[in-house]
*Asks:* 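Supplied in structure tokens, the structure appears directly below.
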There are 2 protein chains.
Amino acid sequence: MGRNAPIRSNRRKELIESTIAVIAAYGYHGTTVSRVAKAAGVSTGLMNFHFESKDKLFEAVFQHLESEYDQVWQERIAAAPQEPWPLLNVMIETYFDREVFTGEKLAVWFAFWSDPALRDKFRDAATAVERRYVKELERQVLEILADHPAVEKVAQRATGALSAMIDGFWLQALLYPKKFKTRDAVKSCIAFVQVIELYYRQERELADLRRELTGQRAPKSPEKT
Amino acid sequence: MGRNAPIRSNRRKELIESTIAVIAAYGYHGTTVSRVAKAAGVSTGLMNFHFESKDKLFEAVFQHLESEYDQVWQERIAAAPQEPWPLLNVMIETYFDREVFTGEKLAVWFAFWSDPALRDKFRDAATAVERRYVKELERQVLEILADHPAVEKVAQRATGALSAMIDGFWLQALLYPKKFKTRDAVKSCIAFVQVIELYYRQERELADLRRELTGQRAPKSPEKT
DNA sequence: TCAAATTTTGAACGATCATTCAGTCTGATG
DNA sequence: CATCAGACTGAATGATCGTTCAAAATTTGA
């Protein structure tokens, strides 16, 4: 088994990558064992030798994508300066990292999400990881907005909106790959947090200035976001 | 043919609605003619009598959803006060209207989007309508931010981010239907535009106050969003 | 009431699917 | 060199798919 294991796992990886390519090209609906086998240059029989069924193959594809994504996330976070703004930047950029944010992989994620059976099957696993990412996002947003009185609620809602925006850009990248610009998407996501922070900063400045100007004017409290 | 048309089109509508239910329950991948027939309580042969093929059936489903969506959009817009803020509110709410924003229909949209063949087939038709909606969104955002110097670019980017946020909430509604709160999503979308507008308003107030306070302090220009 | 037109049925057909398995190939071991 | 376990092949199998079509049921028009 000493030398066999790498052969076996290499082949598995090849087949998984071929599956990703086939799903992207033909959809989950059009992904047949023979197509994947042809794409990988092997016989159909080999598919059920390495994965005991088509379902198990999809399971392996899902776990491959998920662990790859998690690995990239961890690496990028670890390499980033541990301060709110740079960290948030890196997190948002990681959502669109070249290694995980690929036309093919995007197609596979949406293929999984749009199938009720797969959605139910992987929801818990995917949710756990995704929730962790959102929590880490939220922590940075929280620190960025630090001083505001109702930070927690604001940060929570803002992060929810931010993660929706990210998901939405993923969908747009899938639907209009030609038009989609990753850099613009990242910019928009960051600008979203920025404008909130700048708004609160201005609010404080404004209050200070008003106090400085005259004591007569009552401090106006603008609507909360 | 005078009396036949409604019978025929009623049956068509029934079959389309059954198809939507089946796609939502079994996915595009698991949507078979016999399943749809059983859901509608008819024989399999009838499917190919009313729609000459399975492809044509899906085409009809797509057109049904699209025209329904467009109809709701037009009605809601027409009934709304023709002023920027109320209009924007109505537009955002329409994206999540009970009639078109249903668990089943959501699942069908994503089923279409996640299949490469259907995506390519309907992209142009869907893009044309969607682009029109985004243009109408943008017009309102533009009017809301009216006075700012670089309004056009800001409004364009903000609207792009807004529509991404809306799409992202659609995806979240699909993935976590239990947790998803429509009202919160609408609130977040509106708050996004609000905070931008409030930011610019504060910016002007701040400039005025500074001018009023002393002529010594140079006007500071914060980063643009 | 009756014939024509329309709507509906369901068995049958060929195609394609996932899966199986008997047998071949390969390379390391003794 | 011979052996053997792991890697691999591809034809065969049974199930299921979309589609067809002759016949039945129903509705329509006179």
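Lettering follows sequence order; numbering is per chain, from 1.
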*Asks:* Decide salt bridge (Lys or Arg N to Asp or Glu O under 4.0 Å) for B:Glu99 and B:Lys105; before the verdict, give the C-alpha distance in whole Å, the side-chain angles of both, and the deciding distance to 0.1 Å.
*Replies:* CA-CA 9 Å; B:Glu99 197 166 340; B:Lys105 292 172 185 173; over 6 Å; no
*Asks:* May I have the distance from A:Lys38 (atom NZ) to D:dG10 (atom P), rounded to whole angstrom?
*Replies:*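 It is 12 Å, rounded to the nearest whole Å.
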*Asks:* Please give me every residue in residues 108-115 of chain B whose heavy atoms get under 4.0 Å of an atom in DNA chain C, ordered by residue number.
*Replies:*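 Output list: empty, so none.
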*Asks:* Could you tell me how far apart A:Phe49 (CZ) and D:dA5 (P) are, to the nearest whole angstrom?
*Replies:*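 Result: 14 Å.
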*Asks:* In whole angstrom, give the distance that lies between atom CG of A:Leu57 and atom C1' of C:dA18.
*Replies:*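 So the CG-C1' distance, A:Leu57 to C:dA18, works out to 12 Å.
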*Asks:* Between B:Asn10 (CG) and D:dT27 (P), how many Å, whole number?
*Replies:*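 One finds 14 Å between P of D:dT27 and CG of B:Asn10, rounded.
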*Asks:* Measure the distance from CZ on B:Arg11 to C1' on C:dT8 and round it to the nearest whole Å.
*Replies:*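 Computing the B:Arg11:CZ to C:dT8:C1' distance gives 8 Å.
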*Asks:* Rounded off to whole Å, could you give me the NE2-to-C1' distance for the A:His29 and C:dC17 pair?
*Replies:*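 Atom-to-atom, A:His29 to C:dC17, this comes out as 11 Å.
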*Asks:* Counting neighbours of OH on B:Tyr26 that are heavy atoms of other residues, nucleotides or ligands and sit closer than 6.0 Å, is the number greater than 12?
*Replies:*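 Open.
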*Asks:* Take the protein atom CG of B:Leu15 and the nucleotide atom C1' of C:dT8, then report the distance between them rounded to whole Å.
*Replies:*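 My rounded result for the distance is 11 Å.
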*Asks:* Count the heavy atoms of every other residue, nucleotide or ligand shown that sit under 6.0 Å from NZ of B:Lys187, and state whether that count exceeds 12.
*Replies:*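 Atom NZ in B:Lys187 is not packed in, count stays at 12 or less.
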*Asks:* Can you check nucleotides 17-21 of chain D for protein contacts, nitrogen or oxygen pairs under 3.5 Å, and list what you find?
*Replies:*
unit_1 : atom_1 : unit_2  : atom_2 : d
D:dG18 : OP1    : B:Lys54 : NZ     : 2.5
D:dG18 : OP2    : B:Val33 : N      : 2.9
D:dT19 : OP2    : B:Lys54 : N      : 2.7

*Asks:* Considering residues, nucleotides and ligands other than A:Glu68, do more than 12 of their heavy atoms fall under 6.0 Å from its CD?
*Replies:*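 Atom CD in A:Glu68 is crowded, with more than 12 foreign heavy atoms closer than 6.0 Å.
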*Asks:* Taking the basic N atoms (NZ, or NE/NH1/NH2) and the acidic carboxylate oxygens, is any pair closer than 4.0 Å for B:Lys56 and B:Glu59?
*Replies:*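 Salt bridge between B:Lys56 and B:Glu59, a charged N being under 4.0 Å from a carboxylate O: no.
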*Asks:* Taking NZ, NE, NH1 and NH2 as the nitrogens, is one of them in B:Asp70 or B:Arg132 under 4.0 Å from a carboxylate oxygen of the other?
*Replies:*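 Counted as a salt bridge, because a side-chain N and a carboxylate O are separated by less than 4.0 Å.
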*Asks:* Rounded to whole angstrom units, what separation is found between the CZ atom of A:Arg12 and the P atom of D:dG6?
*Replies:*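 Answer to the nearest Å: 16 Å.
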*Asks:* Charged N to carboxylate O below 4.0 Å: is that the case for A:Arg11 and A:Glu14?
*Replies:*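 Looking at A:Glu14 together with A:Arg11, the answer is yes, because their closest N to O distance falls below 4.0 Å.
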*Asks:* Verify whether the ring centers belonging to A:Tyr69 and A:Tyr133 lie closer than 6.0 Å.
*Replies:*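 Yes, the ring of A:Tyr69 comes within the 6.0 Å limit of the ring of A:Tyr133, centre to centre.
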*Asks:* Are more than 12 heavy atoms, taken from residues, nucleotides or ligands other than B:Phe51, located less than 6.0 Å from that residue's CZ atom?
*Replies:*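 Buried by this count: over 12 neighbours within 6.0 Å.
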